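Remember, predicted model here, so these are calculated numbers, not experimental data. Lettering of chains follows the sequences in order, A, B, ..., and the numbering in each one begins at 1.
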Amino acid sequence: MGDQNTSMVQKYRNDFLKEVEANVEEGAWVKMCMQCGVCAGSCPLGPAWEHPPQEIFMMIRAGRREEVLKSESMWMCTSCYNCIVRCPRELPITHIMHGLANYAHRLGLAPKMNPTRRFAKIFWDNIAKSGRVNELELSVRLYFMDGFKAGVLKGLAMKDIGIGMMKTGRLNPFGLFAHKGCKDIKGIHKMLKKAYEIEDRKKGFVA
Amino acid sequence: MADMKVGAYLCQGCGLAERLDIKALAAVAQKEGKAQVVREHEFLCNGQGVAMIQKDIAEEGVNRVVIGACSRRAKVEAFHFPAAAITRVNLREQVIWSQPDTDEARELTQEMAADYIRMGCAEAKKTAVPVPNPAAGHNKRILVVGGGVTGMTAALEAARGGYDVLLVEKEAALGGFAAKLFRRVPFAEPYAEPQDNGVASLAAAIKATPRIKVFLGATTTRTSGAPGNFSVDITTESGPTVTEAVGAIVMATGFRPYDARRLPEFGFGASPLVVDQAGLEALARAAGEKGQAITRPDGKAVKSVAFVQCAGQRDASGTHLAYCSGHCCNTSIKQAMYFKDQNPDIDTAIIYTDLRTPGNGEDFYRSAQRKGVIFTKGQVAKVESAGDGLTVHFHDLILNDEAATISNVDLVVLATGQVPNSGVNIEAKPAEGADANVPSVSVLNLTYRQGPDVPQLKYGFTDSHFICFPYETRRTGIYTAGPVRRPMDMVQAIEDATGAALKAIQSVESASHGRAVHPRAGDLSYPSFRREGCTQCKRCTVECPFGAIDEDEQRYPLFNEGRCRRCGTCMGACPVRVISFENYSVDTVGAQIKAVDIPDEFSEKPRILLLACENDAYPALDMAGMNRRVSSAFVRTIPVRCLGSVNMIWITDALNSGYDGVMLMGCKHGDDYQCHFVKGSELANYRMSKIDDTLKNLNLEVDRVRIMEVAIADIERVPTLIDEYAAKIREIGMSPFKGF
């Protein structure tokens with residue numbers, strides 16, 4: 001992925017805004033921001049962001065490529081859509097945030113230990129494998145994301161809920177082995193492969 | 001006057017009869033007011049009631065009509081009798097509606113009403129029927145000074161209204177500043193692309209209008225007279241001077257860009273790559289004429305342009321222009337589009353602190369963003385040459401980066417503001433006269449004793465009040481429009497031109513009927529003075545806010561009735577009280593003051609005189625009444641045209657005749673004044689500042705006279721002020737001057 005990054009930098013000769021427009025989902029909207037700050041003020045997680053969307057947009061225009069792509073900020077987005085509803089310029093801010101996060105991840109610049117990124121990765125791998133989420137496996141992987149000891153502790157902390165779910169038939173204790181994928185797993189994989197190809201071509205990731 | 005016949009008419013409607021003993025009031029009018037005809041009517045303002053009054057005027061010879069009904073601000077059309085002088089007694093809003101409807105309050109309410117009837121009758125006997133100004137000017141031609149977009153629009157609008165126009169332009173061609181533009185900011189849907197500057201079509205329309213006579217390369221070298229009767233010398237550079245008669249003047253002399261040489265920090269002058277907005281228009285025009293792309297002055301291609309907004313504007317330090325010129329953000333957006341339309345790969349950055357896009361500029365702004373113009377919120381600190389280009393250093397206000405830079409810039413455009421071409425600042429103190437910001441060549445060359453140009457309001461802009469009285473200068477019949485009036489863009493200037501043309505039309509029409517223009521539109525009265533009594537002190541000529549009074553050869557005041565706005569400031573100024581209007585004079589108010597019944601010292605019924613400005617304070621009092629806000633029953637209100645018309649004799653008279661207190665309510669004065677007559681409330685405040693000595697000489701407490709600032713919206717506050725003052729008077733005690 002590092003090579004991908006280098007090639008992008010060369011392609012756009014530091015004109016980061018153009019790179020974002022071309023490669024990031026809804027990136028063409030970034031230039032339309034008028035810096036009013038309503039998005040930053042509307043975000044329920046606003047204070048937790050290092051750079052609120054308004055700043056991210058300004059940084060893109062100012063060509064601060066590394067700083068944006070390595071930022072934890074856009075990973076904070078919980079898709080509540082408050083900013084989209086309120087943006088006077090009607091920017092699809094949520095989508096841009098996810099687009100930036102995804103782009104940073106594809107380039108290998110996204111912060112490695114960012115929990116949102118890691119969860120998203122686990123979730124995607126899980127669902128892409130069989131076409132359906134294996135909930136037990138997803139929980140276990142998530143619990144043990146930070147190592148064996150942390151996983152055991154988290155499991156113990158959550159045991160009452162787990163037992164309750166088992167009693168009401170919400171959790172199959174044998175799910176790890178008995179998980180049924182969707183009917184046409186091969187078809188799903190084929191479809192995803194094609195989708196990857198299209199996206200890569202669109203975003204210029206084709207080698 | 002021998003043939004004076006006073007008719008007093010009392011209305012019983014609107015609850016007046018239930019709250020007041022109208023019979024007793026009629027008796028007061030007859031016995032004390034000495035009205036020859038006294039009638040009551042159950043509904044005075046209806047057709048029958050009005051016909052009754054008309055019949056008395058026609059058949060009984062009544063020529064002074066006292067109407068005891070509602071406020072003078074109500075039913076103006078119904079109680080309009082041109083053959084008689086009319087006095088309105090406000091029994092409704094300021095008596096029954098401002099007093100409690102209780103049995104205990106009845107006595108005081110009745111006393112109040114009786115006093116107002118006495119006052120009305122006393123005033124009526126001192127008034128005369130106003131006759132139109134005999135010196136009325138009948139010229140209806142309109143002179144427009146300045147042939148830019150504003151001037152051309154004003155000329156066309158006036159001509160379309162059916163008036164002949166003289167259009168004087170200093171340059172050899174029409175067009176003004178707009179003619180120097182490559183393109184203009186769009187005026188029409190979808191507000192997305194720069195448009196043709198529009199000068200050619202305007203100039204063609206002027207040419208096609210026979211009513212408009214154009215003088216090119218000409219200036220106004222002498223202007224004298226009054227509305228309806230101005231005489232103007234128009235001097236053409238190459239030709240003779242002609243003297244033309246006009247009725248009103250629209251001054252549309254526009255602006256010039258703030259001198260960018262005063263901004264060395266942005267590299268203007270040091271590098272040819274730094275231009276102001278006008279400079280860029282010149283580059284764009286030159287390139288456009290050749291059908292080429294805009295290049296750097298050295299001929300190299302442009303790859304990157306930076307626009308510096310608010311260059312020498314909105315400056316709090318006092319070095320540069322303090323204000324926002326309003327057009328520059330849209331202009332920079334337009335200029336950035338010149339480059340983007342030429343080649344989308346040219347980097348264009350607009351560095352602004354607050355992007356202000358008036359009108360439909362928001363759509364234009366969006367269009368520029370779509371074209372890829374970068375907008376950066378920041379404050380530019382420095383522009384310096386670096387290598388082959390320029391580096392712009394700025395403080396990025398979003399990212400809070402004080403050392404932000406844009407380098408390899410090929411052109412920097414400074415958005416300097418507008419400086420009005422307003423002529424000589426006639427109020428400048430000699431030390432300030434050398435202010436390089438304000439051009440000091442007279443535009444109109446008025447022969448008025450007050451100076452050769454119209455007075456300036458703020459920062460050199462010529463106006464009376466941006467919000468309340470746009471276009472109206474302090475020289476009646478002379479209106480300013482466009483950027484000479486306040487900073488503005490072309491759309492606003494066109495609107496302005498139309499407004500000023502309408503004002504000019506209104507002025508010539510009013511003048512030809514011998515009537516006042518705004519704010520006392522339609523008033524027929526005008527000031528006259530008793531020559532024998534005049535001491536030639538010149539206070540009236542100096543204090544008239546409108547320059548209406550000159551001096552004759554014998555140094556007596558020479559009233560130019562056409563220029564007069566009928567505020568009465570001269571009347572308030574006159575120490576020997578020789579100036580008066582037919583229906584408003586020292587006597588009309590003085591008689592009212594003396595007509596009030598003053599109870600003795602032990603009655604516990606003080607009397608407070610309230611002189612209320614008819615423009616703001618009086619309507620506020622009326623509205624307080626409409627809201628049934630109760631206030632002290634001891635106050636007797638007399639409306640005055642302006643606090644500036646208050647003659648000090650009224651106050652001394654009132655105190656001498658036993659009033660316990662005097663309140664003056666006028667408009668806000670000072671820099672953000674709201675006085676309809678500009679200087680009236682300020683002069684009143686100045687005059688009142690000297691009253692303390694007078695009070696001390698009379699052995700009276702200084703609180704017995706108080707001046708207050710109120711606005712028309714102070715409906716809740718005005719009754720409170722009255723009650724507070726009444727409480728204060730109770731605290732001080734009754735005046736010792738009663739019964740003398």
Worksheet item: Is the number of heavy atoms from other residues, nucleotides or ligands within 6.0 Å of CG (B:N408) greater than 12?
Response: no
Worksheet item: Just wondering, are more than 12 heavy atoms of other shown residues or ligands nearer than 6.0 Å to CD in B:Q379?
Response: no
Discussion item. Counting heavy-atom pairs closer than 4.5 Å to chain B, which one of A:E55, A:Q35, A:M32 comes out on top?
Written reply: A:M32
Worksheet entry | Minimum side-chain heavy-atom gap A:Q54-B:I398 below 4.5 Å | yes
Item to complete: Taking the side chain as every heavy atom from C-beta outward, state whether A:R61 and B:T376 have any pair of such atoms under 4.5 Å apart.
Response: no
Fill in: B:F375 to A:M58 - nearest heavy-atom pair and separation
O-CE, 3.6 Å
Worksheet item: Counting heavy atoms not belonging to B:K371, are there more than 12 under 6.0 Å from its NZ?
Response: yes
Practice prompt. Start with the C-alpha distance between A:R64 and B:D401, add both sets of side-chain angles, then the distance that settles salt bridge (Lys or Arg N to Asp or Glu O under 4.0 Å), and finish with yes or no.
Written response: CA-CA 12 Å; A:R64 298 194 183 181; B:D401 178 1; 2.9 Å; yes
Worksheet item: Quick check: are there more than 12 heavy atoms from other residues, nucleotides or ligands sitting under 6.0 Å from CD of B:Q342?
Response: yes
Fill in: A:R132, CZ atom: more than 12 neighbouring heavy atoms under 6.0 Å
no
Fill in: salt_bridge(B:D345, A:K18) N-O dist < 4.0 Å
yes
Practice prompt. With a 4.5 angstrom heavy-atom cut-off, could you sort out which part of A:A62 is near chain B: side chain, backbone, both or neither?
Written response: side chain
Practice prompt. Sort by residue number and list every member of residues 305-315 of chain B having a non-hydrogen atom under 4.5 Å from chain A.
Written response: none
Item to complete: Please check if atom CZ in B:F187 has more than 12 non-hydrogen atoms from other residues, nucleotides or ligands closer than 6.0 Å.
Response: yes
Worksheet item: Between B:R370 and A:K31, which heavy-atom pair has the shortest distance, and what is it?
Response: O-CE, 3.2 Å
Worksheet entry | Within residues 82-92 of chain A or reaching into it, pairs that qualify as side-chain hydrogen bond (donor to acceptor under 3.5 Å, both in side chains) - sequence neighbours excluded | A:S42-A:R86, A:R89-B:E362, A:R89-B:Q369
